[in-house]
K.L.:
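Shown below is the structure under consideration.
Hydrogens, waters and symmetry mates are skipped; everything else that's a heavy atom, side chains included, is used. These numbers come from a predicted model, not from an experiment.
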Amino acid sequence: QAQSAPATTLEFVQVLSFLEQAEAMLTGFDDEVKVVSDLYDILEHYQIPAQPQELAEHQTLKTSVVRVRDVVKVALEEQPKKVAQFCDELDKDIATLGAQVLEVRQQAQVEWLLAGETQLDQALEYLGGLQQQMNDFQERAALYKNYQKKFKIEVSKFAALEETHAEVRARMSLWDSVREWRALASNAGTVPFLSLDTDDLTNQVTRVAKQVFTLAKGLPANDVVGNLQVDIEKLRAKLPVLADMRNPSLKPRHWERINTIVGQELVHDDTLTLNLLEELDVFRFKDQLQEVSGSASSEAALETMLKKVEDAWRDTEFPVLPYRDSKDVFILGGLDEVQVLLDDSQVNIATIAGSRYVGPIQSRVEDMQRQLNLFSATLDEWLVCQRNWLYLESIFSAPDIQRQLPSEAKMFLEVDKSFKDAMRKTAAFPNALRAACTPGFLELFQKNNTLLEQIQKCLEDYLESKRMVFSRFYFLSNDELLEILSQTRNPQAVQPHMRKCFDAIQKLQFGTEKGDPTKFTNDILAMVSPESEEVSLGKGLKARGNVEVWLCAVEDAMVKSLRALTKTGISDFFARPRTEWVGLHASQVILTVSQIMWCREVTEALSSPDPVQALRDFEVKSQGQLAELAKIARQSIPKLFRKVLGALITIDVHARDIISGMVAAEVRSPEDFEWQKQLRYSWEDDVDDVVVRMSNSRMVFGHEYLGASPRLVITPLTDRCY
């Protein structure tokens, strides 16, 4: 094959390809020959017999490879001469192809091919032949380019061929578009109108219009493109009307209006087509039909909104919960979701009702609007009733409250019965809209709320009457006071609230029955401070009758007991040493009597013949008393006694500082302002009580029990506050 003499360009290219392949194959032959020789050496070394024919072939192998390589080498050396020869032949072939392309181009540019009266079949048949020729030319051009690559010469571009092919394709696409358009228009005109897909038709018309627009830019001005564009625009102008008449929201009432507009009875069967609509000249009523379609769409949107609201309420239920684990008493649970739905529904219904397209569904809208308004009003009254019922139910379940407020208890019983009945009905049928719109529910809850308001007003008046008797009840909330009043027969119910009524009474100490210390009697023995200090309230004090009455008695007993204890403390002060005396009395008595004694001694010192020296002596005495108290405080003493000492030392330190100031100022008279401006305690026999003075102010001591509370350090600023 390497030594053959090609007669044509194709044969020459085939030889060139073979030589290239042979050269590549020979490159690896040496390695393969060496492998074969090594194998035969192994056979010879191990004296393995080989076939005579194969042995003969092996012996001539190297010679054959050298001979083949020489033949290929010689053939490759001769190729350049032959390439020049066949390049001349190839140039002639390319020139012939160019002439043929020019001839086809002239045929494609004939005027009748773009004339308006040209028949579609004629044009397509003519262009089909040209297209076939152009396909052949393209194959030949590709082959020539391949030859040029093999010859390793410049590859021709065949620009004229590409331009001609583009012209043929453009004209072919134009007439294909004409054919497609005619088929589309024919099908659209004859298909039953009720099955016409206007969206698909619009997409197809738009696609063909884009194709024609693109073709118009690549072709000279011609009647074919112009006529096609006119036909497309005619159908495109009808598309909005078709879309309006194929609106899925159109109902029989809308078709009646359409029949009235067009003046014809449009029968909805297979005879109704686009061609029939054109014959009836329906498209001239474009604006009226658009208005009908728009109304249908708007009405459908409103109806969808209304249905959404109706469906939402059809599935919405009240969260009904058992009250205090009771089986037949119920209350409404959290209503946040129901309230949100109500607000959204009212907005939507108001929007629907305000639309000018609401006419066909106006009765349904008005009915839903009425139900929602009734639901909203009933729910408001319902929640108010439930809230007040929950508050008053625990109050009027107490026998003591029922006994003290019989008429209010009777009214509440009426409300209680009706509320529970309503809740039982709701629990059986919890649909929210149905329950709230139950006939009579709104009036029922309105009546209940009126009664509950009266009950609450009477309850407020009742609580106010209790507070008027015992004013310290103002320190308690209504709930706390009601908790006490609902247990008037149990004096222990007052204990948790004593600290709010009295500043330093943590609880009252009641007597106990003999033999059973866990059962308390009505005897009130003492008051106990938060520091666990107990102060006797005397004898004969009992927790009987109305709680406000015996609490007033406790208040009076507190004042009388502390006054009596203070008077006793004064007498006992002179009977024993001060260090012993401070551990035998209540904290408040010790502090009050100590201040009374201090004021008495200061007054005596200022009234002496040498007041300045007397004050100096008293200053020394005060320091000695402080030292004695400090010594006691350093000992192991009860916790309560240590608190008493802490408060007493604080007051004594302040008293010492006052004396030191008066000594420095050399005060000489009880009427001196330096003494008059101080807070002075004294026991006055005319009132038989403690009197507190400062400057020209005078007040009788209140004896409000303060317990064993600590005292803050007294400073000049706190003195000014007094």
K.L.:
Check the pair L306, V365 against side chain to side chain contact (heavy atoms under 4.5 Å, CB included), reporting the backbone distance first and the verdict last.
P.N.:
CA-CA 7 Å; L306 177 60; V365 172; 4.0 Å; yes
K.L.:
Can you tell if the side chain of V262 reaches within under 4.5 Å of the side chain of D281, non-hydrogen atoms only?
P.N.:
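The answer is no, as the side chains (C-beta and beyond) never meet within the 4.5 Å cut-off.
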K.L.:
If you measure from OG1 on T206 to CZ on F213, what distance do you get to the nearest 0.5 Å?
P.N.:
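T206 OG1 to F213 CZ: 14.0 Å, rounded to 0.5 Å.
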K.L.:
Rounded to the nearest 0.5 Å, how far apart are OG of S345 and CD of E310?
P.N.:
10.5 Å
K.L.:
Okay, side chain of D199, backbone of D197: is any donor-acceptor separation there less than 3.5 Å?
P.N.:
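Not confirmed, D199 side chain does not pair with D197 backbone.
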K.L.:
Side chain to side chain contact (heavy atoms under 4.5 Å, CB included) for W313 and L341? Distances and angles first, verdict last.
P.N.:
CA-CA 8 Å; W313 284 106; L341 177 60; 3.8 Å; yes
K.L.:
Heavy atoms only: give me the nearest F441-T378 pair and the separation to one decimal.
P.N.:
CB-CG2, 4.2 Å
K.L.:
Between R179 and D176, does any side-chain N to carboxylate O distance fall below 4.0 Å?
P.N.:
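A salt bridge links R179 with D176.
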K.L.:
Are any of the side-chain nitrogens in E167 or R171 under 4.0 Å away from the carboxylate oxygens of its partner?
P.N.:
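Salt bridge between E167 and R171, a charged N being under 4.0 Å from a carboxylate O: yes.
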K.L.:
Do R207 and E180 have side-chain heavy atoms sitting under 4.5 Å apart?
P.N.:
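They are in side-chain contact.
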K.L.:
Roughly how far, to the nearest 0.5 Å, is CG of L433 from CG of D315?
P.N.:
12.0 Å
K.L.:
Is the shortest distance from a Lys or Arg side-chain nitrogen in E256 or R253 to a carboxylate oxygen in the other one below 4.0 Å?
P.N.:
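Judged by the 4.0 Å cut-off on N to carboxylate O distance, E256 and R253 do not form a salt bridge.
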K.L.:
Would you say the side-chain atoms of N431 pair up with the backbone N or O of R314, donor to acceptor, closer than 3.5 Å?
P.N.:
yes
K.L.:
Just by distance, no angles: are the side chains of N373 and Q369 close enough, under 3.5 Å, to form a donor-acceptor pair?
P.N.:
no
K.L.:
Closest heavy-atom contact between S177 and V212?
P.N.:
CB-CG2, 4.4 Å
K.L.:
Side-chain contact test, heavy atoms from C-beta onward, threshold under 4.5 Å: evaluate it for R105 versus E163 and give yes or no.
P.N.:
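Yes, at least one pair of side-chain atoms sits under 4.5 Å.
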K.L.:
Please name the pair of heavy atoms, one in T198 and one in T202, separated by the smallest distance, quoted to 0.1 Å.
P.N.:
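Minimum heavy-atom separation between T198 and T202: O-OG1, 2.7 Å.
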K.L.:
Check whether the ring centres of Y126 and W175 lie less than 6.0 Å apart, and answer yes or no.
P.N.:
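Between Y126 and W175, the centre distance exceeds or equals 6.0 Å.
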K.L.:
Between the main-chain N or O of E265 and the side-chain N or O of N259, is there a donor-acceptor pair closer than 3.5 Å?
P.N.:
no
K.L.:
When rounded to the nearest 0.5 angstrom, what is the spacing between CG in L372 and CD in Q346?
P.N.:
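Spacing of CG (L372) from CD (Q346) equals 6.0 Å.
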K.L.:
Taking the six-membered ring for Trp, are F445 and W382 parallel (under 30°), tilted (30 to 60°) or perpendicular (over 60°)?
P.N.:
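Aromatic pair F445/W382 classed parallel.
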K.L.:
Could you check whether D200 and Q204, counting side-chain N and O atoms only, form a donor-acceptor pair closer than 3.5 Å?
P.N.:
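On atom types as modelled, these side chains qualify, holding a pair under 3.5 Å.
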K.L.:
Might you work through the side chain to side chain donor-acceptor pair (under 3.5 Å) test for Q131 and N135, ending with a clear yes or no?
P.N.:
CA-CA 6 Å; Q131 182 68 41; N135 292 339; 3.3 Å; yes
K.L.:
Are any of the side-chain heavy atoms of L289 and I258 separated by less than 4.5 Å?
P.N.:
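Yes; the side chains approach each other to less than 4.5 Å.
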K.L.:
Would you say the side chain of E162 lies within less than 4.5 Å of the side chain of Q138, judging by non-hydrogen atoms?
P.N.:
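They are in side-chain contact.
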K.L.:
Which pair of heavy atoms, one from V208 and one from W181, lies closest together, and at what distance?
P.N.:
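Where V208 meets W181 most closely, the heavy atoms are CG1-CE3, 4.1 Å.
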K.L.:
Any carboxylate oxygen within less than 4.0 angstrom of a Lys/Arg side-chain nitrogen, looking at K251 and E299?
P.N.:
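Looking at K251 and E299, the cut-off is not met.
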K.L.:
Does Q133 use its side chain to pair, donor to acceptor, with the backbone of V104 at less than 3.5 Å?
P.N.:
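Judged by distance alone, no pair lies under 3.5 Å.
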K.L.:
Using every non-hydrogen atom in the two residues, find where F318 and A432 come nearest and quote the distance to one decimal.
P.N.:
CE1-O, 3.6 Å
K.L.:
Less than 4.5 Å apart, side chain to side chain, heavy atoms only: is that true for L250 and V292?
P.N.:
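When only atoms from C-beta onward are counted, V292 and L250 do touch, with a gap below 4.5 Å.
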K.L.:
Heavy atoms, side chains only, cut-off 4.5 Å: are M368 and I352 in contact?
P.N.:
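Heavy-atom side-chain distance check fails, nothing below 4.5 Å.
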K.L.:
Atom CG of L184 and atom CG of D231: how far apart are they, to the nearest 0.5 Å?
P.N.:
11.5 Å
K.L.:
Can you tell me how far apart CG (L174) and CG (L228) are? Round to the nearest 0.5 Å.
P.N.:
7.0 Å
K.L.:
Between D311 and K308, does any NZ, NE, NH1 or NH2 come within less than 4.0 Å of an OD or OE carboxylate oxygen?
P.N.:
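No.
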K.L.:
For A115 versus D223, what's the shortest heavy-atom pair and its separation?
P.N.:
C-CB, 4.4 Å
